[in-house]
Amino acid sequence: MTYSGEVRVGGPADVHELKDLMITKVAVGPMNNNAYLLRCRATDEQLLIDAAAEPHTLLTMIGEDGIASVVTTHRHGDHWQALGEVVGATGARTYAGREDASGIPVATDVPVDDGDVIRVGQVELTARHLVGHTPGSIALVYDDPHGHPHVFTGDCLFPGGVGNTHQDPEAFASLIHDVETKIFDPLPDETWVYPGHGDDTSLGAERPHLPEWHARGW
């Protein structure tokens, strides 16, 4: 089956099979959050991005192999409702942006700064600190050596715009600056974008609209 990234709460997961990495996407909870399970194909080690809700759904997806780590993209409550139960069941290490860690009620084992590398088996993910939606939001970039990059953006970039900055001009200016300089500028149009809610997109699909986003201020 061809991966589409179109999932719905209560429906099946969708699996993106890359040469070195398997990415399983599922939608959970009342706010239609996306959770992503990454599995290194060489070692079978697994990492979960955003234990958002529905711990049973997430633990079923994880399976008996467990997970080595959980990355929380930011401190907003809809992204960590299942974190305590998932960590309790798996013993996984927890990662979050340093500036957001204090706002997550499950202890962060590894505070993450811009440019830090998080590993799942033999696969490396580079954290990019994006300020504006929250002070410590992070995106994770996988630069696939066999193809184009993949980036997990949390709530900082969606189809149609950057994340909510609650009509705060300074927060919007910060977020769009970071998204442009750390995501759009260094990465090619083919980059696949996996957001915290809703459907996937690509940088190429969104790049032409950057001037519109600047003009509207959100």
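None of the values given here were measured: they were computed from a predicted structure. Side chains are part of it too, since the values below use all heavy atoms of this structure and drop only hydrogens, waters and symmetry mates.
Judged by distance alone, with hydrogens and angles left aside, the side-chain atoms of Thr191 form no donor-acceptor pair with the main-chain N or O of Leu187 at under 3.5 Å. Looking at Gln81, its side chain never comes within 3.5 Å of a backbone N or O of Glu54 through a donor-acceptor pair. For Thr72 (side chain) and His74 (main-chain N/O), no donor-acceptor pair under 3.5 Å exists by modelled atom type. Asn33 places no side-chain N or O within 3.5 Å of a backbone atom of Ala53 that could act as its donor or acceptor partner. Put simply, the side chain of Arg41 gets close to the backbone of Leu18: a donor and an acceptor are under 3.5 Å apart. Of the possible donor and acceptor atoms, none in the side chain of Gln122 sits under 3.5 Å from a partner among the backbone N and O of Thr43. With hydrogens and angles ignored, the 3.5 Å screen pairs a side-chain donor or acceptor of Thr134 with a backbone N or O of Ser137. Side-chain atoms of Arg119 never come within 3.5 Å of backbone atoms of Gly121 as a donor-acceptor pair (strictly under, hydrogens ignored). The backbone N or O of Val26 sits nowhere less than 3.5 Å from a side-chain atom of Tyr36 that would complete a donor-acceptor pair. For His129 (side chain) and Pro135 (main-chain N/O), a donor-acceptor pair under 3.5 Å exists by modelled atom type.
The hydrophobic cluster containing Ile183 also contains Val162, counting ILVMFWY residues as joined when their side-chain heavy atoms lie under 4.5 angstrom apart, directly or transitively. Both Met61 and Val87 belong to a common hydrophobic cluster when Ile, Leu, Val, Met, Phe, Trp and Tyr are linked at side-chain heavy-atom distances under 4.5 angstrom. Taken together through direct or relayed side-chain contacts under 4.5 Å among Ile, Leu, Val, Met, Phe, Trp and Tyr, Leu125 and Ile62 form parts of separate hydrophobic clusters. Under the 4.5 Å side-chain heavy-atom criterion for ILVMFWY residues, a single connected hydrophobic cluster contains both Tyr142 and Tyr194. Following chains of ILVMFWY side-chain contacts shorter than 4.5 Å, one cannot reach Val70 starting from Ile118, and the two form parts of different hydrophobic clusters.
Inter-residue side-chain proximity for Thr153 and Leu130 is flagged as unmet; no heavy-atom pair is nearer than 4.5 Å. Considering only heavy atoms from C-beta on, Glu45 stays 4.5 Å or farther from Val123 through its side chain. The shortest distance between side-chain heavy atoms of Asn34 and Phe152 does not fall below 4.5 Å. Using a 4.5 Å heavy-atom cutoff, the side chains of Asp20 and His146 are in contact. Proximity of Trp213 to Ile176: side-chain heavy atoms (C-beta onward) are separated by under 4.5 Å at one or more points. At a threshold of 4.5 Å between non-hydrogen side-chain atoms, the residues Pro12 and Val7 do not count as touching. Side-chain contact between His56 and Leu59: absent, with no pair of heavy atoms (C-beta onward) separated by less than 4.5 Å. Between Leu47 and Ile49, the closest side-chain pair of non-hydrogen atoms falls below 4.5 Å.
The six-membered or imidazole ring of His214 lies away from that of His177, with a centre-to-centre distance of 6.0 Å or more. Proximity of the aromatic rings of Trp192 and Tyr3 is defined here by a centroid distance below 6.0 angstrom, and this criterion is met.
Leu140 contributes atom CG, which lies 9.0 Å from atom OG1 of Thr126 (distance to the nearest 0.5 angstrom). Considering CG of Asp14 and CD of Glu6, their distance stands at 8.5 Å, rounded to 0.5 Å. Taken from NE2 in His79 to CG in Leu83, the straight-line distance is 12.5 Å, to the nearest 0.5 Å. Between the CG atom in Asn164 and the CZ atom in Phe158 there is a gap of 9.0 Å [rounded to 0.5 Å]. To the nearest 0.5 Å, atom CG of residue Leu48 and atom OG of residue Ser69 are 8.5 Å apart. Between the OG atom in Ser174 and the CG atom in Asp168 there is a gap of 9.5 Å [rounded to 0.5 Å].
Smallest separation of non-hydrogen atoms from Gly103 and Pro105: O-CD, 3.9 Å. Considering all non-hydrogen atoms of both residues, Cys40 and Leu21 come closest at N-CD1, 4.1 Å. When all heavy atoms are compared, the tightest approach of Ile104 to Ala96 is CD1-CB, 3.6 Å. Of all heavy-atom pairs between Ala107 and Thr94, the closest is O-OG1, 2.6 Å. Closest non-hydrogen pair, Ala51 versus Val86, comes out as CB-CG2, 4.2 Å. Across all non-hydrogen atoms, the minimal contact from Asp109 to Ala92 is OD2-O, 4.0 Å.
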What do the steps show when you test Asp178 against Arg128 for salt bridge (charged side-chain N to carboxylate O under 4.0 Å, His left out), and what is the final call? CA-CA 9 Å; Asp178 283 359; Arg128 302 318 312 256; over 6 Å; no

Pair Asp114-Lys182, side-chain contact (heavy atoms from CB on, under 4.5 Å): steps then yes or no: CA-CA 10 Å; Asp114 189 57; Lys182 297 180 181 181; 3.6 Å; yes

Checking side-chain contact (heavy atoms from CB on, under 4.5 Å) for the pair Glu85/Leu58: CA distance, chi angles, key distance, verdict? CA-CA 10 Å; Glu85 290 185 60; Leu58 299 181; over 6 Å; no

Please assess Thr24 against Arg39 for the test side-chain contact (heavy atoms from CB on, under 4.5 Å), listing each intermediate value before the final yes or no. CA-CA 8 Å; Thr24 302; Arg39 185 182 187 101; over 6 Å; no

Steps toward side-chain contact (heavy atoms from CB on, under 4.5 Å) verdict (Val15, Ile23): CA-CA 6 Å; Val15 181; Ile23 302 166; over 6 Å; no

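Residues passing the side chain to side chain donor-acceptor pair (under 3.5 Å) test with Glu206, sequence neighbours excluded: Thr201.
In the model, Asp78 has a side-chain atom that pairs as donor or acceptor with a side-chain atom of His197 under 3.5 Å. For His166 and His133, the side-chain atoms include no donor-acceptor pair closer than 3.5 Å.
Taking 4.0 Å as the cut-off between side-chain N and carboxylate O, Lys19 and Asp144 do not count as a salt-bridged pair. A salt bridge links Arg98 to Asp113: at least one charged side-chain nitrogen sits closer than 4.0 Å to a carboxylate oxygen.
Around atom CE of Met31, no more than 12 heavy atoms belonging to other residues, nucleotides or ligands sit under 6.0 Å away. The environment of CD in Gln167 is sparse: at most 12 heavy-atom neighbours from other residues, nucleotides or ligands sit within 6.0 Å.
Residue pairs satisfying the ring pair (Phe, Tyr, Trp, His ring centres under 6.0 Å) criterion with at least one member in residues 94-121, sequence neighbours excluded, are absent.
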